Structure formats: C-alpha cells, structure tokens
Amino acid sequence: MSFSSGVKDELSRQLSPARHCRIAEIAAIISLCGRVQISAEDSFRLRIQTENPAVARKCFTLLKKTFNIDTDISVRRGVENHQSRIYLVVIRRHEDAIRVLQATKLIDRFGEIEENLSLAQNVVIMKTCCKRAFIRGAFLAAGSISDPERFYHFEIACSAEGKAIQLQGLLGAFGLDARIVQRKKYYVVYIKEGGQIVDVLNVMEAPVSLMELENIRILREMRGSVNRKVNCETANINKTVSAAVRQMEDIMYIRDTVGFGMLPENLQDIARLRLSRPEATLKELGESLDPPVGKSGVNHRLRKLGDLAQKLREQRQDTGA
C-alpha cells in the first residue's frame, strides 16, 4: 500500500461524532467527485465515483450514519486502465438525493444545483471542526501524497478554479501556504514543504500517518546531516592533501635547485620535517618541532617556502634554463 493510500485508509475509518462535521465532509466529497443525474421527469439521482475502495466505504458510512440513507455500491473496470476498478456509490431515490444536496448546500432553496457543485454558501464550513472535515473529505475525494521517502508533495485536484481557490482559503485558515497550478483540465491545490504536509495531516486528523511521516522526515534529515558532514570532511581532507602535495613539490624544487643550505634554520627544519612526514597535519608538524610551533606559525613558514619556490621557477623561466 502506498503512503497516500495508507492515509486515505486511516481517514476512511474515522467518523466524526458531530453531524455538522459529517455533512461538511460529505459536501467536499460530492463537490469533488460527485455528479447529479436528472431524469426527464426531473427526478434527481446522486452518484459518487472513486477509484479507492476505502473512500467508497467512507461515503457509504457517512450517508448511512448522517441521513439513514441506503445506497447502492457497484464496481466496474476502468475505461483507460482495465486493471483498475471504479467504485460507484449511488443514491437512487429522488427524495434522498434532494435531502443530501440541501443539507450540504449544493442546491439552493429553489431546487437549483449550484454551478459545478460548488459551495456558494459557506454555512457548511463556518466552524473550525467543519473546515477540518471538509479538507479531509476533499483529500479523500481527489487528493494524493507522494512517497515521503522520495520527495514531499501534497495535492488535491479540483475541476473548477473556484473550488481550488475555496480550498486554498480553507488551508490558509490553518496557516498552510497552499499554491494553485493548472494541470490540463484541473486546478491543483498543492503543498511541497514537508513540515506543512505534517500540518495538513494534523488538520485532517490522521495521527498514525502523521507519526509515520515525522519518522521518515527525521531519518531523512539525519541522513542529510551525515552526508553533509561527510562531504565537508572529505572536502577538508582533499584540501589538506592538495596543500601537502603542493608543499612537497615546492620543497623538493628548492632542494633540487639551490639546496637547503641557503635557507634560514627555521625554514630548513620545517622543510625537512614536511618531506619526512607528508601525511602530517599542520598541527602535528608544529608539535614535532623543537621548540613546538602553532598551526599559524607552521603555515607561515610553508608559505615562505612556497613563495621562494615560485621565485626560483620564475627566475629559471627568465633565464631560459
């Protein structure tokens, strides 16, 4: 089971004790994956379509517990992918369909369906708990979360821009910075920051998935921290090795051209010590001198040797030797 499916499975098993919250959740599900069919006799039938059996089960339970409505559930093959399954939850009785649409404010007082099944009246989502329920229903209907082991991405696809803007506002009420992007015929509300996705799971009341994501985030951050330290240490080692090689080349060039005899005693000592201990750090070289010298003192002497080697090379080029 994918992480996204696991989240939906957890949310599908949660049933709010408050009727107004259940209505808000049903409203979101119908708004994002519901469809109203009207017969020639003006008889209404409500159909909810999903590819997730857990979501179909949640719809059935919500409608039964909230309205005491019996619904039909059917399964059929996907149109494009014959391996997939489409689950249909259908309210066939006109009176039941009208009752649900009126309670969710998806139909006005004149019996007219709100455009695109949008929540024009925000009475359903006035309370904070109902906002949570609506976001939960929206995710169950049309949402997904990427595998957090790979990257962080939360999204809910809306068929109309107005729905996306409304959902963005609801997420914003909880301090979540959701963005909207158009993808083909959908308007996708998305969040890409790991910490905010944790907050979304908290808003939707999915504690098990939240803890799983937090554990993954901690492990990813630890691995990232270790990798950064290893890379930093590797870079420092490479830098030290490169410096030591350059120092050895400079010292050997001085030895092979003018010899150490023309050098001051302190430079002779460090030159011979570096040749004998090519792997030593500046600190180790300084501690081996008599008397001991600090890192800055050792570095100063080696830089003098480097400057001298450079001058000797330039003189040799000038003379054409």
Side-chain angles (χ1 to χ4, degrees), residues 4 6-34 46 48 50 52 54-69 71 89 91 99-108 114 117-145 154-158 162-178 180 189-191 193 195-214:
S4 188
V7 175
K8 289 191 176 185
D9 186 68
E10 179 181 1
L11 295 177
S12 72
R13 300 177 189 281
Q14 181 194 76
L15 189 66
S16 174
R19 188 174 188 271
H20 50 80
C21 289
R22 296 200 297 268
I23 288 175
E25 192 166 351
I26 293 170
I29 293 172
I30 295 174
S31 177
L32 293 180
C33 66
L46 182 59
I48 299 169
T50 177
N52 192 309
V55 177
R57 183 176 64 243
K58 181 67 177 286
C59 291
F60 176 87
T61 304
L62 282 171
L63 292 169
K64 182 67 176 177
K65 295 289 185 181
T66 309
F67 299 100
N68 194 28
I69 291 175
T71 58
V89 180
I91 302 174
R99 190 148 57 96
V100 172
L101 290 170
Q102 286 177 338
T104 54
K105 306 303 179 188
L106 296 171
I107 192 172
D108 64 21
E114 296 293 347
L117 290 179
S118 296
L119 280 177
Q121 302 178 49
N122 289 335
V123 178
V124 173
I125 46 178
M126 287 288 287
K127 296 182 178 181
T128 299
C129 57
C130 293
K131 288 182 173 68
R132 291 177 180 271
F134 188 90
I135 294 170
R136 181 167 60 244
F139 176 75
L140 283 169
S144 65
I145 302 180
F154 168 95
E155 70 173 42
I156 298 175
C158 303
K163 294 182 183 182
I165 292 172
Q166 181 186 49
L167 187 55
Q168 182 186 41
L170 289 175
L171 290 167
F174 293 96
L176 298 167
D177 183 24
I180 298 175
V189 182
Y190 70 93
I191 296 172
E193 201 275 315
Q196 293 230 327
I197 295 176
V198 169
D199 292 340
V200 170
L201 292 174
N202 182 48
V203 166
M204 296 191 300
E205 299 176 316
V208 176
S209 299
L210 185 153
M211 290 304 299
E212 183 181 351
L213 177 55
E214 280 286 48

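Because only heavy atoms are used, hydrogens play no part in the values below, and waters and symmetry mates are left out as well, while side chains stay in. This is a predicted model, so every value here is computed, not measured.
- The minimum heavy-atom distance between Arg136 and Leu11, with the atom names listed, is CD-CD2, 3.7 Å.
- Taking CD1 from Ile30 and CG from Leu106, the interatomic distance works out to 6.0 Å, rounded to the nearest 0.5 Å.
- Interatomic distance, CD1 of Ile197 versus OH of Tyr190, reported as 12.0 Å (0.5 Å rounding).
- The side-chain heavy atoms of Cys59 and Thr50, taken from C-beta on, include no pair separated by under 4.5 Å.
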Practice task
Give the intermediate values and the outcome of side chain to side chain contact (heavy atoms under 4.5 Å, CB included) for residues Thr71 and Lys64.
Solution key: CA-CA 8 Å; Thr71 58; Lys64 182 67 176 177; over 6 Å; no
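- Within the 3.5 Å criterion, the main-chain N or O of Leu176 finds no donor-acceptor partner in the side chain of Gln196.
- At least one side-chain heavy atom of Phe67 sits under 4.5 Å from a side-chain heavy atom of Ile23.
- Nearest approach of Val189 to Ala178, heavy atoms of both residues: CG1-CB, 3.8 Å.
- Two residues are said to be in side-chain contact when any heavy atoms from C-beta on lie closer than 4.5 Å; Leu140 and Glu25 meet this criterion.
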Handout entry: Criterion side chain to side chain contact (heavy atoms under 4.5 Å, CB included) on Glu193 and Asp177, from CA distance to verdict
Key = CA-CA 9 Å; Glu193 201 275 315; Asp177 183 24; over 6 Å; no
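- Of the possible polar contacts, none joining the Lys58 side chain to the Arg13 backbone as a donor-acceptor pair under 3.5 Å is found.
- The number of heavy-atom neighbours closer than 6.0 Å to NZ of Lys127, taken from other residues, nucleotides and ligands shown, is 12 or below.
- You'll find the side chain of Leu201 reaches within 4.5 Å of the side chain of Ile145, heavy atoms only.
- When all heavy atoms of Ile125 and Ala24 are compared, the closest pair comes out as CG2-CB, 4.4 Å.
- A distance of 4.5 Å separates CG in Leu63 from CD1 in Ile91, rounded to the nearest 0.5 Å.
- The NZ atom of Lys65 lies 10.0 Å from the CZ atom of Phe60; values are rounded to the nearest 0.5 Å.
- A distance of 12.5 Å separates CE in Met126 from NE2 in His20, rounded to the nearest 0.5 Å.
- At distances below 3.5 Å, not a single donor-acceptor pair connects side-chain atoms of Lys163 with backbone N or O atoms of Leu32.
- No side-chain heavy atom of Arg132 sits less than 4.5 Å from a side-chain heavy atom of Cys21.
- Counting heavy atoms from C-beta on, the side chains of Thr128 and Phe174 come closer than 4.5 Å.
- Counting only heavy atoms from C-beta outward, the side chains of Asp9 and Arg57 approach each other to under 4.5 Å.
- Rounding to the nearest 0.5 angstrom, the gap separating the CZ atom in Phe154 from the OG atom in Ser4 is 9.0 Å.
- For the pair Ala54 and Ser12, the tightest heavy-atom approach, listed with the atom from each and the gap, is O-CB, 3.3 Å.
- Put simply, the side chain of Leu62 reaches to within 4.5 Å of the side chain of Ile29, judged on heavy atoms.
- Thr104 places a side-chain N or O within donor-acceptor distance of the main-chain N or O of Leu101, the cut-off being under 3.5 Å.
- A donor-acceptor distance shorter than 3.5 angstrom exists from the side chain of Arg22 to the backbone of Ser16, with no hydrogens or angles considered.
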